[in-house]
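As the structure is a computational prediction, the values presented were derived from the model and not from experiment. Below, chain A is the first sequence line, B the second, and so on; all start at residue 1.
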There are 2 protein chains.
Amino acid sequence: MQEPRLTPTSYIVLGLLEFAGRSSPYDLKRLVAESVGNFWMLQHAQLYTEPARLAAAGYVTEEREEEGRRRKLYEITDAGREAMEEWRRAPTGSVSELRDLGLLQLFFGSAPERLAPAQIEAHREKLAEYEALRERDTGAGPRGPWLALEAGIRAERSWVGYWEWVLAETG
Amino acid sequence: MQEPRLTPTSYIVLGLLEFAGRSSPYDLKRLVAESVGNFWMLQHAQLYTEPARLAAAGYVTEEREEEGRRRKLYEITDAGREAMEEWRRAPTGSVSELRDLGLLQLFFGSAPERLAPAQIEAHREKLAEYEALRERDTGAGPRGPWLALEAGIRAERSWVGYWEWVLAETG
DNA sequence: CCTATCATGTAATCCGTTACATGATTAT
DNA sequence: ATAATCATGTAACGGATTACATGATAGG
């Protein structure tokens, strides 16, 4: 029971286990896909290795089904809950980088008149996805995901506007 | 002379070598810091290992100063230029994830009234930085960086607006 | 029944980060 | 001179992606 670093991945796993209770890696995979994965995707392999790491550190417990598929099931411990609480209490003052591939290509001289349309379409699609999600959101359930969704919507709108500006500016 | 994957890091190094000509890792470090690093930062160690990787694959040449500091100097090859051209010609249709730590904390229940102010301040600072950069930009030089800067400005404005919205929505 | 897809997991590789180290300049 | 900072690099570690693999379920 050593203490590995807690990464964003760790907090995603812990947070989901806190919310959903005992879950298998595959359960986590589905949870991620329909929630936090919208702005922070994880590979499915991470959802097998990360809980194992967390178990070694005592933040979650691991048990194995005796019958059937013999899946591994994870559950958050008090130590895990405490780690989440501590993390929540220390609001980050960091801002993330854009790290956008399309922008990188533009920076290094890709032709805007080819790049921009592709980006506009992709961002419109993503925007539509988010708006559909908001339609379905009843507003019940935790507040965080609902608030976060708005960030996604605004970001996509901003991107669409930006690439349209690029077109106008260079066209 | 094998063929490693070309990652975004690779294209940043290739692109800078293409633009600036023969450079040492430290030259690259400074170049990154004042240009592309504004939206895609690299650790300085990568600017030593990545050119070495690229050299092994024939995309750049490596030579060593005979005197003084005996620095390594890298220069892009024709193969490297071609790789850049090919990359530029294939505009990406992918959109990046937000992957924002603050948003993750909000998603998992951090108190908005503590998180939002910290984020607003951080984003305002970044925004001011970008706007200062634009002041200094004469508009000479390549178009890409100038266009990319606008993306940063818009993104920061969007974030400030978002967190203010969060405050209003939850306050 | 057969095949496609879902579900479940492990292993290998590799990139990126962090840590370590030391030689040159510049400032005081 | 000496301290501080800049410049230059290597090594170790670890997390993340990719590849590999196979068992179960459902649809045709």
Side-chain angles (χ1 to χ4, degrees), chain A residues 2-14 16 20 22-34 36-37 39-57 59-60 62-74 94 96-97 99 101 104, chain B residues 2-14 16 20 22-34 36-37 39-57 59-60 62-74 94 96-97 99 101 104:
Chain A
Q2 315 167 45
E3 251 184 70
R5 276 210 197 319
L6 291 179
T7 67
T9 301
S10 312
Y11 292 112
I12 291 175
V13 168
L14 285 176
L16 290 177
R22 173 187 294 146
S23 306
S24 72
Y26 193 72
D27 296 332
L28 291 175
K29 183 192 161 182
R30 274 178 308 172
L31 277 171
V32 167
E34 69 189 26
V36 65
F39 66 94
W40 200 308
M41 182 50 84
L42 302 182
Q43 306 293 326
H44 88 280
Q46 276 185 274
L47 296 172
Y48 290 86
T49 56
E50 184 63 24
R53 268 185 5 106
L54 292 173
Y59 297 117
V60 306
E62 172 181 327
E63 62 179 303
R64 192 140 196 168
E65 285 181 343
E66 281 311 316
E67 42 192 62
R69 301 207 151 193
R70 300 180 47 71
R71 296 178 300 170
K72 287 178 180 169
L73 292 176
Y74 295 93
S94 80
S96 60
E97 290 170 7
R99 292 211 165 217
L101 249 197
L104 197 62
Chain B
Q2 318 165 47
E3 252 184 70
R5 269 202 202 323
L6 292 178
T7 66
T9 302
S10 312
Y11 292 112
I12 291 174
V13 169
L14 284 176
L16 291 177
R22 172 187 294 146
S23 306
S24 72
Y26 192 72
D27 296 333
L28 292 176
K29 184 191 162 184
R30 273 178 309 171
L31 277 170
V32 167
E34 70 189 24
V36 64
F39 66 93
W40 200 309
M41 183 49 85
L42 302 183
Q43 305 293 326
H44 88 281
Q46 275 187 273
L47 295 173
Y48 290 85
T49 56
E50 184 64 25
R53 269 186 3 109
L54 292 173
Y59 295 116
V60 307
E62 172 181 326
E63 62 179 304
R64 192 140 195 167
E65 285 181 342
E66 281 312 315
E67 42 192 62
R69 300 208 153 193
R70 299 181 47 69
R71 297 178 300 167
K72 287 178 180 170
L73 292 176
Y74 294 92
S94 80
S96 61
E97 291 169 4
R99 289 209 167 220
L101 250 197
L104 197 62

Colleague: In whole angstroms, how far is the P atom of dG23(C) from the CZ atom of Arg64(B)?
Modeller: 14 Å
Colleague: Glu63(A) pairs by salt bridge (charged side-chain N to carboxylate O under 4.0 Å, His left out) with which of Arg22(A), Lys72(A), Arg71(A)?
Modeller: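 Per the salt bridge (charged side-chain N to carboxylate O under 4.0 Å, His left out) rule, the option paired with Glu63(A) is Arg22(A), out of Arg22(A), Lys72(A), Arg71(A).
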Colleague: With rounding to the nearest 0.5 Å, note down the distance linking CG in Leu73(A) to CG in Asp27(A).
Modeller: 7.5 Å
Colleague: Atom OH of Tyr48(A) to atom C1' of dC6(C): distance rounded to whole Å?
Modeller: 10 Å
Colleague: Please check if the side chain of Arg53(A) supplies one atom and the backbone of Arg5(A) the other of a donor-acceptor pair under 3.5 Å.
Modeller: yes
Colleague: Below 3.5 Å between N/O atoms, which protein atoms pair up with nucleotides 16-20 of chain C? Just atom names and distances, please.
Modeller:
residue: dG16(C); atom: OP1; partner: Thr9(B); partner atom: OG1; Å: 3.2
residue: dG16(C); atom: OP2; partner: Thr9(B); partner atom: OG1; Å: 3.4
residue: dG16(C); atom: OP2; partner: Gln46(B); partner atom: NE2; Å: 2.8
residue: dG16(C); atom: O5'; partner: Gln46(B); partner atom: NE2; Å: 3.3
residue: dT17(C); atom: OP2; partner: Gln46(B); partner atom: OE1; Å: 2.9

Colleague: Specify the separation, in whole Å, of atom CG of Leu54(A) and atom C1' of dG15(D).
Modeller: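 Result: 13 Å.
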Colleague: Between atom OH in Tyr74(B) and atom P in dT8(D), what is the gap in whole Å?
Modeller: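 Distance, rounded to whole Å: 12 Å.
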Colleague: Using whole Å, report how far CD of Glu97(B) lies from P of dA16(D).
Modeller: 13 Å
Colleague: Side-chain polar contacts of residues 40-48 of chain B - donor-acceptor pairs under 3.5 angstrom, sequence neighbours left out - could you list them?
Modeller:
residue: Gln46(B); atom: NE2; partner: Thr9(B); partner atom: OG1; Å: 3.3

Colleague: Whole-Å distance between dG14(D) C1' and Leu6(A) CG?
Modeller: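 Atom CG in Leu6(A) sits about 14 Å away from atom C1' in dG14(D).
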Colleague: Would you mind classifying the nucleic acid contact of Lys72(B) as base, sugar-phosphate or nothing, using non-hydrogen atoms under 4.0 angstrom?
Modeller: sugar-phosphate
Colleague: Quick one: Trp40(B) CH2 to dC15(C) C1', roughly how many Å, whole number?
Modeller: 13 Å
Colleague: Leu104(B) vs Phe39(A), test: side chain to side chain contact (heavy atoms under 4.5 Å, CB included). Steps then yes/no.
Modeller: CA-CA 9 Å; Leu104(B) 197 62; Phe39(A) 66 94; 4.1 Å; yes
Colleague: In Å and rounded to the nearest 0.5 Å, what is the CG to OG distance from Leu54(A) to Ser10(A)?
Modeller: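 Reported value, rounded in 0.5 Å steps: 5.0 Å.
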Colleague: For Arg71(B) and dC6(D), what is the distance between atoms CZ and P respectively, to the nearest whole Å?
Modeller: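 Between P of dC6(D) and CZ of Arg71(B): 17 Å.
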